Amino acid sequence: MATHMPLDMNLRKLLLPLASLALALAHPAPARAATDKDLVAYLNDQFMPKLWPAMQNFLGNHTIHRVVTETKAEGLDVHLDKTSFDFSGIPRFELQYPLPFFGSHGAPYLVGRFPGTGEYTFRTNVTKHVDVIWDADVDLVVSVHVLAFVHSDHTELVPIVDVSADGNITTDLAVGDAEIARTIKTRLETQLPGLMKTFEQMRFDLSRPLPALVPELISAASGSPDLDPRSALDVFLVSDGFANPSATGPFEGASLDLARKVSTFDPATHVSEPLASFASNLRFWRLRAPASAVPLPAERATTSVFDDTTNTTVVSFLNLARLAEVGLAARNADVIVFLSEASLLSGNARARAMGNLVLLPSSDAATVLVHELGHTSLGGGLADEYADFTDTYHGLEPTAPNVSTSVLFSKISSWWSLPASVYMPWDQRVTAFEGGYGFTQGIVRANEHCKMRDSSADVPFCPVCREATTRAVRRTLGGNSVLVQHEILRPFKKGTTRMNVLGAGQALQGQALEGFSGTRLDGLDPDTQVRMSLAAASLPKPWRARWSVISPTGSTVYTIEQTSDTGTTPAPVTLSVRFGGRIALQVSSTSRYTPHDTLPTFTVEWPVTIPRLPAGITPPTALRQSVAVGGTAPIAFDPMTGNARALLELSVAGGGFPGWELPTNTELRVTGPQGVSRSFIARPGSRVAWNPGLLPGGVYQWSARSGLGAEASPWVSLPLLPGEPGHFVVAPLLSTTPTAPVAPVELRAIPGGAAIGRRLGFVELNATSWDANGDAIRLQFEVRPSRQALTGTPTQETALTLPPSGTLRVNASVSIAPPLESTRWQVRAVDATGRTSAWTTGGTLLPQLLRRQLRAAQRAEAALAH
């Protein structure tokens with residue numbers, strides 16, 4: 001890019017001032033969430049492609065207008081060839097750094113080419129009028145592009161204009177084609193920088209990076225958060241320059257007012273139409289970008305500047321780095337609105353929309369936002385219809401759909417033959433009025449009054465602008481889509497879900513509805529009964545919805561017709577359908593906003609292909625219980641047998657299928673020693689109790705399964721307390737009759753050890769026992785290779801241990817080296833009187849499994865140590 005410029009200008013552009021460099025070295029920029037390259041990529045891939053096409057057309061037209069006006073004043077009558085005018089090419093930014101001898105910490109800057117490829121050309125026929133009636137045509141091809149050097153404190157623009165003449169003036173007149181070309185070139189180089197003056201405020205300042213921004217949905221004035229982003233119109237409202245954009249600050253109230261104004265149908269003014277007719281898809285989000293009490297330029301995306309084009313003060317871009325950070329935080333945005341703190345702007349600055357960005361002073365009423373959205377992609381790039389100064393327009397035909405250089409242009413004249421029925425009651429009939437696009441003459445518009453002419457007044461869009469906006473919103477939504485709310489009522493209940501259905505055609509396929517097969521159960525009707533409602537659709541309201549139930553053979557069982565006005569959605573409908581059938585929804589719009597287009601009618605179908613039980617039945621996810629045994633509650637005690645009377649209670653906290661209200665039964669089973677076994681049924685949410693009388697001491701196991709009809713899930717052992725085994729122990733009260741200890745229970749082999757201070761690298765053998773007399777107990781372990789028989793002779797034992805206060809249970813363990821071969825073990829209990837219990841077999845220890853478990857324990861211990 002530098003090859004277009006003299007060397008001294010290159011150096012002036014590339015070398016940052018020493019003061020700026022010293023400041024950058026003294027105060028290095030804090031770390032930022034997005035990299036510098038991310039920010040530049042956003043400017044190139046998101047910001048400029050949406051900003052430049054409409055902006056380039058506007059700047060080009062106003063440049064040509066001024067060139068034509070001034071050359072006419074000098075006797076050059078310029079006629080524009082409208083068919084060959086070409087605005088093309090998107091600006092591209094490139095991140096560059098100071099020259100190497102400045103060091104690596106200097107602030108980077110951007111170099112941009114407007115419009116990138118230099119394909120900004122137009123052709124004109126120039127005629128020189130002299131005293132003699134004589135014309136001589138010269139075809140001029142003018143290429144224009146602008147180099148932009150965006151530093152951390154300003155932007156420098158360098159226009160490059162190339163004019164070439166195709167043809168020669170073959171007369172003896174003093175003025176020839178070369179002079180005409182020079183005249184045009186001089187005018188362009190003079191006018192273009194003035195028209196782009198607002199760009200000179202731009203900077204690329206990375207010194208104040210934003211923290212991570214989290215979008216917040218303004219739920220009081222937005223469509224559903226369940227909308228697929230592809231079927232939503234997402235508008236982000238960003239605080240710019242607010243020192244405290246909190247939930248109680250001015251930004252909160254201003255953003256809510258803006259969102260409500262745009263998304264709410266106003267029957268008195270109709271100012272928000274047609275945007276409010278798409279309110280089900282329209283979502284407003286807040287982004288709270290904090291700033292200092294006195295915001296620095298690096299902390300603001302916008303500022304106020306004087307605009308040569310309109311001769312007024314407007315809100316314009318300031319820091320492109322801040323703008324890109326916000327854009328990256330609002331990746332799904334269709335429009336981003338920077339709400340600028342009004343006290344930081346000068347000269348009663350006017351709002352402005354550029355591309356998909358709206359720059360709005362916080363002092364402006366919400367009605368101004370409706371006007372500015374008309375300029376964006378949601379409005380189809382509408383032009384202003386007011387005049388900033390008294391002048392006759394000499395430029396080319398604008399691309400905006402609502403203004404033209406000709407009264408016969410199709411944007412207006414196509415309305416003249418339409419019947420009165422296409423208009424809304426508040427409409428003026430489309431005729432033609434002169435003035436718009438900033439000029440009092442040479443431009444026509446459709447109506448005397450329109451939102452695009454009266455930006456700050458509560459007036460509606462004219463029919464031409466309203467149609468253009470409706471078309472633009474439909475293009476933005478891209479295809480047909482619905483959001484449907486769905487709830488199954490019977491034979492079993494399932495809570496409300498939201499289903500997005502999207503497609504390019506007019507026949508959309510929804511996902512299969514969930515439910516259960518039509519077996520009669522508890523006397524319920526075998527049909528599936530569903531409550532459904534239309535929550536959003538990519539059509540302007542009012543809607544017409546037609547619900548149909550289709551039998552498995554393909555015949556229509558019945559239909560329900562619904563209509564809604566602009567401000568409401570249809571009420572829910574209740575449908576009954578057989579399995580193998582379908583539910584169909586036909587959606588259309590009765591809107592009159594697009595008389596030149598036929599809005600689509602599209603159909604969505606949901607097959608009712610519900611799977612049968614039992615595979616998905618799951619046991620209860622949790623149990624709540626109390627077990628009154630041993631010393632935990634007053635119980636009856638049999639001193640002859642040592643048995644205790646127990647009261648057992650369970651609360652069933654859940655079961656069946658998650659999300660469903662199924663009439664499933666939870667079957668609970670308790671098993672214990674001496675053949676004790678009992679099962680009973682509990683419904684979800686209920687409490688069951690069992691007082692079995694005298695229970696022999698020992699370990700009792702809880703199990704549960706869920707069932708529906710004849711189908712049931714497998715039995716699953718469930719814990720009484722989180723992290724505890726799925727059993728409880730019945731321990732009698734102290735007996736006066738000397739007894740032997742209970743055979744050990746809860747045998748466990750724990751690689752790595754579990755006791756505090758136990759050295760890793762051992763295997764801990766653990767067991768529990770008790771003595772009815774409350775005696776101290778020692779545990780004796782026998783551990784031998786599997787190739788040897790267990791002899792009943794202990795190989796290790798623990799010390800005599802008294803049970804803790806309030807219980808009879810004694811838990812003890814020994815450690816062994818990890819076995820090198822398959823090993824068997826058993827354990828028995830011996831009380832203080834020498835009485836011995838029976839042996840309890842601990843099973844077989846497998847070296848490979850123990851080694852894997854031991855390594856896992858060692859890794860866990862090492863992680864804790866760090």
Side-chain angles (χ1 to χ4, degrees), residues 46-65 82 85-91 114-115 120 195 198 233-235 262 273-275 278 282 307 309-310 314-317 333-338 350-360 368-386 388 393 395-406 409-412 414 436-439 443-447 450-453 455 461-478 593-594 596-597:
Q46 306 268 343
F47 171 60
M48 274 301 175
K50 294 176 181 177
L51 166 71
W52 193 245
M55 192 65 195
Q56 187 183 42
N57 181 265
F58 179 82
L59 284 175
N61 279 339
H62 278 255
T63 302
I64 293 167
H65 162 77
K82 297 178 175 58
F85 193 75
D86 177 30
F87 294 106
S88 60
I90 302 298
F114 293 71
Y120 177 82
L195 290 168
T198 57
L233 304 169
D234 287 314
V235 178
V262 178
E273 290 300 295
L275 294 174
F278 290 96
L282 188 57
D307 181 15
T309 307
T310 61
V314 296
V315 186
S316 188
F317 300 119
D334 294 295
V335 173
I336 300 175
V337 179
F338 285 93
R350 285 166 42 172
R352 189 157 60 155
M354 303 177 77
N356 73 327
L357 302 178
V358 175
L359 314 180
L360 188 73
V368 175
L369 176 59
V370 178
H371 168 92
E372 298 302 335
L373 290 175
H375 291 308
T376 70
S377 58
L378 294 187
L382 297 173
D384 288 318
E385 295 183 9
Y386 50 78
D388 289 299
Y393 178 64
L396 297 175
E397 176 69 16
T399 57
N402 60 321
V403 293
S404 178
T405 57
S406 170
F409 75 118
S410 60
K411 309 168 193 173
I412 293 179
S414 61
Y437 204 49
F439 300 89
I443 285 286
V444 293
R445 64 187 191 277
N447 271 178
C450 173
K451 188 65 194 166
M452 298 312 295
R453 183 172 177 83
S455 61
F461 286 106
C462 72
V464 172
C465 291
R466 191 176 58 226
E467 180 178 51
T469 299
T470 304
R471 288 172 169 173
V473 170
R474 288 272 303 153
R475 286 195 300 270
T476 303
L477 288 172
Y593 294 165
T594 55
H596 296 95
D597 302 329

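Predicted model only: the values in this text are computed from it and were never measured. The figures that follow rest on heavy atoms only: side chains count, while hydrogens, waters and symmetry mates do not.
Distance alone, capped at 3.5 Å, places no donor-acceptor pair between the Asp388 side chain and the Gly438 backbone. Side chain of His375 to main chain of Gly381: no donor-acceptor pair is present (N/O by atom type, distance under 3.5 Å, no hydrogens or angles). Glu273 places no side-chain N or O within donor-acceptor distance of the main-chain N or O of Phe461, the cut-off being under 3.5 Å. Thr469 places no side-chain N or O within donor-acceptor distance of the main-chain N or O of Arg466, the cut-off being under 3.5 Å. Using modelled atom types, one side-chain atom of His596 and one backbone atom of Ser414 make a donor-acceptor pair closer than 3.5 Å.
In this structure, Pro463 and Asn447 have side chains that are in contact, with non-hydrogen atoms separated by less than 4.5 Å. Within the 4.5 Å cutoff, no side-chain heavy atoms of Val315 are placed close to those of Phe338. Looking at heavy atoms from C-beta onward, Cys462 lies out of side-chain contact with Arg445 at the 4.5 angstrom threshold. For the pair Ser406 and Val444, the minimum side-chain heavy-atom distance is 4.5 Å or more. Using a 4.5 Å heavy-atom cutoff, the side chains of Leu378 and Val235 are in contact. Taking the side chain as every heavy atom from C-beta outward, Ile336 and Leu357 approach each other to under 4.5 Å.
Rounded to the nearest 0.5 Å, atoms CZ (Arg352) and CG (Leu359) are 7.0 Å apart. Considering SG of Cys465 and CE of Met452, their distance stands at 6.5 Å, rounded to 0.5 Å. Taken to the nearest 0.5 Å, the NE2 atom of His65 stands 11.0 Å off from the OH atom of Tyr437. Rounding to the nearest 0.5 Å gives a distance of 9.0 Å between CZ of Arg475 and OG of Ser377. If you take NZ on Lys451 and CD on Glu372, they are separated by 9.5 Å, rounding to the nearest 0.5 Å. Put simply, CD1 on Ile443 and CD on Glu397 are 7.0 Å apart, with the number rounded to the nearest 0.5 Å.
Partners of Phe47 under the ring-ring contact (aromatic ring centres under 6.0 Å, His included) rule, at least two apart in sequence or in another chain, are Phe317.
Residue Gly395 comes nearest to Thr405 through the heavy atom pair O-CG2, 4.4 Å, listed as atom of the first residue, atom of the second, then distance. The shortest heavy-atom contact between Val403 and Asp384 is CG1-O, 4.1 Å. The two residues Leu360 and Val368 come nearest to each other via the heavy atoms CD1-CG1, 3.9 Å. Taking every heavy atom of both residues into account, Leu382 and Pro401 meet most closely at CD2-CG, 3.6 Å.
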